[in-house]
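One structure is given here, and the rest of the page talks about it.
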Amino acid sequence: QVRLAESGGGSVQDGASLRLSCVASGSTWRTFCMGWFRQGPGIEREGVAVIHNDGQSRYGDSVKGRFTISKDSAKNTLYLEMSSLKPEDSGMYYCTARSGADGYCGVEYASDMDYWGEGTRVTVSS
């Protein structure tokens with residue numbers, strides 16, 4: 001079992017920056033991919049950014065160039081640096097992980113991710 005705990009959400013103005021963190025615990029060695037998904041009001045969950053154990057990262061089209069995903073393996077911590085935030089970035093942000101030795105690590109399908117945190121809320125006001 002892998003447990004994920006997010007932090008860093010908050011309320012900010014349009015154009016501001018935030019950094020989200022996610023501490024992973026438990027059987028983290030069972031995972032090869034971690035990432036962030038989000039869900040806004042009335043919107044299905046969408047992939048924001050993911051990172052494979054080999055360091056390769058992928059981003060959703062709406063955040064490319066503005067968000068950066070990274071991880072500190074020594075601390076079992078995943079980060080999401082968000083800049084130039086827009087009101088449409090508002091929502092609940094979930095830290096996720098996919099179990100297995102290896103495989104495709106992408107933002108396309110929330111159903112691919114096996115573990116989910118409780119989420120941290122981000123609100124961007126215009």
Side-chain angles (χ1 to χ4, degrees):
Q1 187 71 11
V2 175
R3 291 172 293 280
L4 304 169
E6 306 96 334
S7 62
S11 296
V12 296
Q13 294 291 313
D14 193 348
S17 299
L18 271 179
R19 186 177 81 159
L20 305 183
S21 299
C22 170
V23 177
S25 59
S27 303
T28 58
W29 56 272
R30 295 180 181 270
T31 63
F32 70 94
C33 171
M34 293 188 71
W36 296 92
F37 282 69
R38 69 185 181 189
Q39 186 165 20
I43 301 173
E44 291 185 1
R45 286 186 182 183
E46 64 171 333
V48 176
V50 294
I51 186 165
H52 192 283
N53 280 353
D54 65 8
Q56 184 178 35
S57 58
R58 290 186 170 89
Y59 296 88
D61 289 340
S62 62
V63 306
K64 285 180 182 176
R66 298 188 299 123
F67 290 12
T68 302
I69 190 170
S70 63
K71 65 178 182 177
D72 185 332
S73 297
K75 296 181 179 179
N76 280 337
T77 302
L78 183 73
Y79 301 101
L80 184 68
E81 298 276 0
M82 305 184 293
S83 62
S84 302
L85 282 163
K86 306 174 183 180
E88 50 265 42
D89 293 318
S90 297
M92 189 71 83
Y93 282 68
Y94 298 93
C95 179
T96 67
R98 185 171 184 182
S99 62
D102 200 358
Y104 178 70
C105 182
V107 295
E108 291 83 354
Y109 303 109
S111 57
D112 283 348
M113 310 308 282
D114 300 295
Y115 302 103
W116 292 74
E118 295 293 319
T120 185
R121 186 168 296 281
V122 173
T123 302
V124 184
S125 302
S126 58

Next on the checklist: Counting neighbours of CD on E118 that are heavy atoms of other residues, nucleotides or ligands and sit closer than 6.0 Å, is the number greater than 12?
Outcome noted: no
Filter on disulfide (SG to SG under 2.5 Å), then keep only pairs touching [range], sequence neighbours left out; what's left?
range	answer
residues 39-90	none
residues 37-73	none
residues 45-83	none
residues 97-126	C33-C105

Hydrophobic cluster mates of [X], side-chain heavy atoms under 4.5 angstrom, ILVMFWY only, any path?
X	value
W29	none
W116	F37, V50, M92, Y94, V107, M113
Y109	none

Item to check | Under-4.0 Å salt bridge between R66 and D89 | outcome: yes
Next on the checklist: According to salt bridge (Lys or Arg N to Asp or Glu O under 4.0 Å), does anything in residues 68-79 pair up with another residue at least two apart or in another chain? List the pairs.
Outcome noted: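 Every pair satisfying salt bridge (Lys or Arg N to Asp or Glu O under 4.0 Å) with a residue in residues 68-79: there are none.
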Looking at residues at least two apart in the chain, or sitting in another chain, which of them share a side-chain contact (heavy atoms from CB on, under 4.5 Å) with [X]?
X	value
S7	S21
T68	Y59, E81
S62	R38, E46
T28	V2, A24, N76

Item to check | Distance (rounded to the nearest 0.5 Å) between L4 CG and W36 CH2 | outcome: 9.0 Å
Checklist entry - Going from CG on D102 to CG on N53, what distance comes out if it is rounded to the nearest 0.5 angstrom? => result 8.0 Å
